[in-house]
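Below is one structure, written out as structure tokens; comments come after it.
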2 protein chains.
Amino acid sequence: MTTDLAADLRAAGLRVTRGRLEVLELLENAPHSDAESIRTRLRAVDPDVSIQSVHNVLSALASAGLVRRIEPAKSAALYERRIGDNHHHVVCTGCGAIEDIDCVVGHAPCLTPSSTSGFRIETAEVTFWGLCAACAAPPPIAA
Amino acid sequence: MTTDLAADLRAAGLRVTRGRLEVLELLENAPHSDAESIRTRLRAVDPDVSIQSVHNVLSALASAGLVRRIEPAKSAALYERRIGDNHHHVVCTGCGAIEDIDCVVGHAPCLTPSSTSGFRIETAEVTFWGLCAACAAPPPIAA
DNA sequence: ACCCTTGTTTTGAGTCGTTCACGATAAGGG
DNA sequence: CCCTTATCGTGAACGACTCAAAACAAGGGT
């Protein structure tokens, strides 16, 4: 995979800065993070990062195509690296946990709607909703 | 169709109030409306509706299942009547216009993800993104 | 190696959409 | 018709994000 984050940044026409490298690296390890939790983690290495800087970095990365922004209902915007594959997401209605779903790539019958209402459709975004393993399990109130 | 809105409300265990009837009726005619535009329209018949009341009504209706709330990325929450059919939406990336998409009902091959990551999936929500007819057409800068 | 231009970060305030709290009001069963 | 209780209105608060301008640093030119 692209391990040279600095090169990725340059290729996208962005300057290589500490914050951007940190955010990119962090997103490699913790996908589906929102701005606030990214800042919290960044604090470990850079105690003075402001939330606005995080937003700056994220929106720069997002519009450069280095990062994908997803906005599930009822939660803040989440970011993840790599937008190459058209994968989708499952969101837990209980705890908000989110996981990737490798959906049918290439042929997607129901993703080609019958009537497009005159729209020129570019992308289809699928979000699955359900309960994650932890939330589905009956709570062990025993103790 | 269910034209008796009052009956719908009672069946859902909700009191029948003017505001609720108005909102329901309005959503019949103007689906995919957000709270603010609902209020604007409501002003015509009830000049004193507050935005909070609209939110009240909408969340009551939504949790009673009389109305569906959707939250496309980059826009405020939208509401529409009837959640019975599992239809989906196209959103115009240009102007934000939104239309219903009658997607495959019953069998939805790609809506049954291969690996569910341990989630017990309940629903699948599909959002198509593209350009509406108006936005796709080259702007007539002529004049 | 240094400077200078220009893109980035910071600081701080401001916005939008929504939610919370609570007194005022009205729905509708008795 | 009254009384209980759900609902509405008012006002404040909130989270997430955007805007503006001054301080700063990346990295090409010399």
Tell me the interatomic distance from [X], atom [atom1], to [N], atom [atom2], rounded to whole angstroms.
X     : N      : atom1 : atom2 : result
B/L58 : D/dT7  : CG    : P     : 14 Å
A/L24 : C/dT8  : CG    : C1'   : 15 Å
B/L21 : D/dC8  : CG    : P     : 10 Å
A/R18 : D/dA26 : CZ    : P     : 11 Å
B/R39 : D/dG9  : CZ    : P     : 11 Å
A/L78 : D/dA16 : CG    : P     : 11 Å
B/E36 : C/dT18 : CD    : P     : 9 Å
A/E22 : C/dT8  : CD    : C1'   : 14 Å

Check your understanding: How is B/A60 classified with respect to the nucleic acid when contacts are heavy atoms under 4.0 Å: base, sugar-phosphate, or nothing?
Key -> nothing
Practice item. For A/V57 and A/T17, run side-chain contact (heavy atoms from CB on, under 4.5 Å): C-alpha distance rounded to whole Å, both residues' side-chain angles, the deciding distance at 0.1 Å, then the answer. Key: CA-CA 10 Å; A/V57 169; A/T17 69; 5.6 Å; no
Exercise for review: Select from B/S75 and A/G13 the residue whose nearest nucleotide in DNA chain C is closer to the 5' end of that strand.
Suggested key: A/G13
Any side-chain donor near an acceptor of the partner, [X] and [Y], under 3.5 Å:
X     : Y      : result
A/S37 : A/T40  : no
B/H88 : B/D100 : no
B/H87 : B/D102 : no

Study note, to complete from the structure: By side-chain contact (heavy atoms from CB on, under 4.5 Å), B/V16 pairs with (sequence neighbours left out) B/A6, B/L9, B/R10, B/L21
Point to revise | Results of side-chain contact (heavy atoms from CB on, under 4.5 Å) for A/S75 - residues two or more places apart only | key: A/P72
Please list, chain by chain and in numerical order, all residues satisfying salt bridge (charged side-chain N to carboxylate O under 4.0 Å, His left out) with [X], sequence neighbours excluded.
X     : answer
A/R69 : A/E71
A/R43 : none
B/E36 : B/R39
B/E99 : none

Could you pull out the protein-nucleic contacts involving nucleotides 28-30 of chain C (nitrogen or oxygen on both sides, under 3.5 Å)?
from	atom 1	to	atom 2	distance (Å)
C/dG28	OP1	B/V16	N	2.8

Check your understanding: Mind checking what makes ring-ring contact (aromatic ring centres under 6.0 Å, His included) contact with A/H55, not counting sequence neighbours?
Key -> none
With 3.5 Å as the limit, what N/O pairs link the protein to nucleotides 10-12 of chain D?
from	atom 1	to	atom 2	distance (Å)
D/dG11	N7	B/Q52	NE2	3.4
D/dG11	O6	B/Q52	NE2	3.4

Check your understanding: For C/dG17, does either OP1 or OP2 sit under 4.0 Å from a side-chain N or O belonging to A/K74?
Key -> no
Provide a list of protein-nucleic acid N or O atom pairs under 3.5 angstrom, restricted to nucleotides 21-23 of chain D.
none

Exercise for review: Could you tell me whether B/D8 and B/R81 make a salt bridge, using a distance below 4.0 angstrom between a side-chain N and a carboxylate O?
Suggested key: yes
Check your understanding: With a cutoff of under 4.5 Å between side-chain heavy atoms, which Ile, Leu, Val, Met, Phe, Trp and Tyr residues group with A/L131?
Key -> none
Exercise for review: Report the nucleotide, chosen from C/dT19, D/dC17, C/dT9, that has the shortest atom-to-atom distance to any side-chain atom of A/R20.
Suggested key: C/dT9
Exercise for review: Could you tell me the separation between the CD atom of A/E80 and the OG atom of A/S33, rounded to the nearest 0.5 Å?
Suggested key: 10.0 Å
**Study point:** Overall bend - the helix from C/dA1-D/dT30 to C/dG30-D/dC1, comparing terminal axes fitted on five pairs, nearest 10 degrees
**Key:** 30°
